[in-house]
Amino acid sequence: GVWRQTRALLFKNCLIKGRTKKSSVQEVLFPLFFLFWLILMSMMHPHRKYDEVANTDLGTLDASQLVNFVVGYTPPTRMAREIMKKVAFDNFEDGIITEEYLSEEELQEASALKPSNFVGVVFKDSMSYQLRFHDSIAMSSIYMESR
């Protein structure tokens with residue numbers, strides 16, 4: 001019964017594999033080739049593991065560096081206004097100057113006029129933003145190991 005059918009099926013499969021040697025070899029070698037390729041790629045681009053940084057007291061913020069410091073932001077949404085208000089008044093005694101701009105182009109023009117003491121913040125959505133300095137963009141490094 002079952003044993004005879006299983007043996008006949010196994011014999012048939014061995015005959016087929018013996019007659020189609022090229023495809024049988026490909027079935028074995030292609031996965032090994034791709035496995036080798038993945039190992040090689042992972043060795044070329046190893047993950048970096050950074051050591052833990054101890055908690056240290058950085059001292060007080062030197063407020064003299066923030067004199068006439070301007071933070072511009074766009075788009076002027078309710079959430080952006082709340083965040084910038086918290087940045088300006090809750091974290092600094094005297095507060096820093098915040099300016100809202102209707103578009104990124106206006107923000108870039110303001111950055112060109114005041115390059116030394118201006119930082120732009122472009123809110124992409126409620127959870128992400130980009131910092132804009134004169135002639136450069138600073139990307140957030142959170143959750144980004146490599147590009």
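In this chain, residues are counted from 1 in sequence order.
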Mind checking what makes side-chain contact (heavy atoms from CB on, under 4.5 Å) contact with F30, not counting sequence neighbours?
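Residues passing side-chain contact (heavy atoms from CB on, under 4.5 Å) with F30: Q26, F34.
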
For W37, give me all partners under side-chain contact (heavy atoms from CB on, under 4.5 Å), at least two apart in sequence or on another chain.
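L40, M41.
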
Side chain of [X], backbone of [Y]: donor and acceptor closer than 3.5 Å?
X	Y	result
T77	A80	yes
S24	K17	yes
T74	V122	no
K21	G18	yes

Using the rule side-chain contact (heavy atoms from CB on, under 4.5 Å), only one of M84, R78, K85 pairs with E82; which is it?
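Going through M84, R78, K85 one by one, the side-chain contact (heavy atoms from CB on, under 4.5 Å) with E82 is satisfied by R78 alone.
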
Please report the C-alpha distance between Y73 and Y101 in whole Å, then the side-chain angles of each, then the deciding distance to 0.1 Å, and finally whether the side-chain contact (heavy atoms from CB on, under 4.5 Å) criterion is met.
CA-CA 6 Å; Y73 63 95; Y101 295 93; over 6 Å; no

[X] versus [Y], closest heavy-atom pair with distance:
X	Y	answer
P76	L102	CG-CD2, 3.9 Å
F118	L107	CZ-CD1, 3.7 Å
V28	L32	O-CG, 3.4 Å

Is the number of heavy atoms from other residues, nucleotides or ligands under 6.0 Å of K124 NZ greater than 12?
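Above 12, so yes.
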
Which distance, rounded to the nearest 0.5 Å, do you find between the [atom1] of [X] and the [atom2] of [Y]?
X	Y	atom1	atom2	answer
L9	R4	CG	CZ	13.5 Å
S103	E109	OG	CD	7.5 Å
I83	F123	CD1	CZ	4.5 Å

Are E99 and V71 close enough, and set up right, to give a side-chain contact (heavy atoms from CB on, under 4.5 Å), and what steps lead you there?
CA-CA 6 Å; E99 298 175 354; V71 178; over 6 Å; no

Same hydrophobic cluster for F33 and V25, using side-chain heavy-atom links shorter than 4.5 Å among ILVMFWY?
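No, F33 does not connect to V25 through the hydrophobic network.
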
Indicate if L38 and L29 have the same hydrophobic cluster label, given that clusters are the connected sets of ILVMFWY residues with side-chain heavy-atom separations under 4.5 angstrom.
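In one cluster: no.
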
For E100, enumerate each residue passing the salt bridge (charged side-chain N to carboxylate O under 4.0 Å, His left out) test, keeping only those at least two apart in sequence or located in another chain.
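So E100 forms a salt bridge (charged side-chain N to carboxylate O under 4.0 Å, His left out) with R81.
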
